[in-house]
> 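Before I ask anything, let me first share the structure, which is written out below as structure tokens.
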Amino acid sequence: MRAKGSKRIAGVGTSIFTEITALAVQHQAVNLGQGFPDFPAPDFVKEAAARHIRDDRNQYAPSAGLPRLRRALADDWRRIAPGGPDVDPETDITVGSGATELLHDAILATIDPGDEVIVFEPSYDAYGPDVAMAGGVLRPVPLLPPDWRFDLATLAAAFGPRTRALILNTPHNPTGKVFRRDELEAIAALCARHDVLIVSDEVYAEIVFDARHLPIASLPEMFERTITIGSMGKTFSVTGWKVGWAIAPAPLSAAVRAVHQFVTFTNSAPFQEALADVLPIAARDGSYDRLRDDYRRRRDLLARILDAAGLPTLPIGGAYFLLTDVGHLGTGGDVGFCRRLVTEVGVAAIPTSVFYADPASAPPLARFCFAKKDQTLQAAAERFARAPGLTAPSRSHQNS
Ligand code: PMP
Ligand code: GLN
């Protein structure tokens, strides 16, 4: 029977976000699972796209991205990575269909079958399948709760003769960790010593609460070996627009462009035009400060709601998720908890063990997204108040 998928995709199942969002719809649950804002995007962002659609900027953009957008991204890079080398918009930037596409392009462009790729675990769900589709082998290195540091000796031991790349994600989904300068320097030193490339997923660069986000490509001599990936989705609350970019030195960008050319060739021209308009405005009108203040407030509101429901959360440095330990609730781990939460309480969350190559090794944590209207967060609070049974510790555990 030939009607089956290739071996390459044998291990690729349905994404947890699709699964939980479908369950949330089915049970009319308050969806704090999949990470997307349910509040309106800023007016100036929406107006920019509407204007370009009306002005008939509706045909293919060049494959590497609109030149004026690449110039705007190169200018913005000086704000994001002060002290790092300037990037050439002609050769060093590729625009594509969200960070998801650029991650896929970057990995397919650099990983040969049998190459090893180091990832920190928990790791965003796309990395494993992307590496598998390239024929690579994942080498996970754990981030350790509650503060998600990594053990340097364990990281160093993960590097070997077949190591080709390390995938970094800062600010980190799902833990909210923002890698510190000394941690990035340690990673950079190992990558330089072993001549390893870095794919750095920095889609939450603007959602940081305490320390500044530091792109690893801005550290000395790191630009030449790093593909930095960004996205408009989180920063401008337009996850459905799917405009992402990869910044890398010319030879790596050429490889990324080779894949991008035949994955999507190009993505939505009017949304690219809109981003080109929006970047210089946001850089000077306080948009990023407002975004951070706004998310700080939403974070605190959800933390209070979860706390009141008996689900205290771990501290975070960035991104828009809170984690809570559900191991003591007697629900059969995080997967059992999230399944019961959506069906019995009517709130959807993401079990984080799915972000581990070996889910059995994962701490039992549920991830709640706070990129939501106050009304949505309050609706979750009401659901928790109506069905308090699930979030109370199990008796067997209380007695133990
Ligand atoms: N990387 C991380 C860490 C993410 O959390 C997400 C989406 N939430 C993506 C990549 C995908 O970004 P995009 O929607 O731009 O494809
Ligand atoms: N990245 C989003 C999250 O972490 C989901 C994106 C998706 O649905 N693929 O929740």
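Residue numbers run from 1 in the order of the sequence given. Keep in mind it's a predicted model, so treat the numbers as computed, not measured. Start at 1 and go down the list; that is how both ligands and their atoms are numbered.
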> Got a sec, which pairs hit ring pair (Phe, Tyr, Trp, His ring centres under 6.0 Å) with one end in residues 131-151, sequence neighbours left out?
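Counting only pairs at least two positions apart or across chains, the ring pair (Phe, Tyr, Trp, His ring centres under 6.0 Å) contacts touching residues 131-151 are F120-F150.
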> Below 4.0 angstrom, N of the basic side chain to O of the carboxylate: do R79 and D76 qualify?
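Looking at D76 together with R79, the answer is yes, because their closest N to O distance falls below 4.0 Å.
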> Taking the minimum heavy-atom distance to atom 6 (C) of ligand 2, which of Y124, Y204, F36, F355 ranks first?
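Among Y124, Y204, F36, F355, the closest heavy atom to atom 6 (C) of ligand 2 belongs to Y124.
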> Closer than 3.5 angstrom, by distance alone: can the side chain of T170 be matched with the main-chain N or O of H172 as a donor-acceptor pair?
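Here the side-chain-to-backbone pair does not exist.
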> Check F321 against ligand 2 and report side chain, backbone, both or neither, counting heavy atoms closer than 4.0 Å.
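Answer for F321: side chain.
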> Measure the distance from atom 7 (C) of ligand 2 to every protein heavy atom, then report the residue, atom name and distance (to 0.1 Å) of the closest one.
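Of every protein heavy atom, F17 CD1, 3.6 Å lies nearest to atom 7 (C) of ligand 2.
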> Looking at R290, I'd like to know if its CZ atom is crowded, meaning that more than 12 non-hydrogen atoms belonging to other residues, nucleotides or ligands lie closer than 6.0 Å.
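Atom CZ in R290 is packed in, count exceeds 12.
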> What's the verdict on side-chain hydrogen bond (donor to acceptor under 3.5 Å, both in side chains) for S123 and N169, showing C-alpha distance, side-chain angles and the deciding distance?
CA-CA 8 Å; S123 72; N169 172 212; over 6 Å; no
> In a simple table, one pair per line, please give the protein and ligand 1 atom names for every N or O pair closer than 3.5 Å, along with the distance.
residue: ligand 1; atom: 1 (N); partner: D201; partner atom: OD1; Å: 3.4
residue: ligand 1; atom: 1 (N); partner: D201; partner atom: OD2; Å: 2.5
residue: ligand 1; atom: 5 (O); partner: N173; partner atom: ND2; Å: 2.8
residue: ligand 1; atom: 5 (O); partner: Y204; partner atom: OH; Å: 2.7
residue: ligand 1; atom: 8 (N); partner: Y204; partner atom: OH; Å: 3.1
residue: ligand 1; atom: 8 (N); partner: K234; partner atom: NZ; Å: 2.2
residue: ligand 1; atom: 14 (O); partner: K242; partner atom: NZ; Å: 3.3
residue: ligand 1; atom: 15 (O); partner: A99; partner atom: N; Å: 2.8
residue: ligand 1; atom: 15 (O); partner: S231; partner atom: OG; Å: 2.6
residue: ligand 1; atom: 16 (O); partner: A99; partner atom: N; Å: 3.1
residue: ligand 1; atom: 16 (O); partner: T100; partner atom: N; Å: 2.9
residue: ligand 1; atom: 16 (O); partner: T100; partner atom: OG1; Å: 2.5
residue: ligand 1; atom: 16 (O); partner: K242; partner atom: NZ; Å: 2.6

> Could you list which atoms of ligand 2 come closer than 4.0 Å to a heavy atom of N173?
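Per the distance check, 3 (C), 4 (O).
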> Considering residues at least two apart in sequence or located in another chain, which fulfil the ring-ring contact (aromatic ring centres under 6.0 Å, His included) criterion with F209?
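Residues passing ring-ring contact (aromatic ring centres under 6.0 Å, His included) with F209: none at all.
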> Working note: H213 + E206, criterion side-chain hydrogen bond (donor to acceptor under 3.5 Å, both in side chains); need CA distance, chi angles, decisive distance, verdict.
CA-CA 7 Å; H213 163 69; E206 302 302 340; over 6 Å; no
> Can an N or O of Q34 be found at a distance shorter than 3.5 Å from an N or O of ligand 2?
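Right, the criterion is met.
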> Checking Y295 now: which residues fulfil ring-ring contact (aromatic ring centres under 6.0 Å, His included) with it, not counting sequence neighbours?
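Y295: ring-ring contact (aromatic ring centres under 6.0 Å, His included) contacts with Y320.
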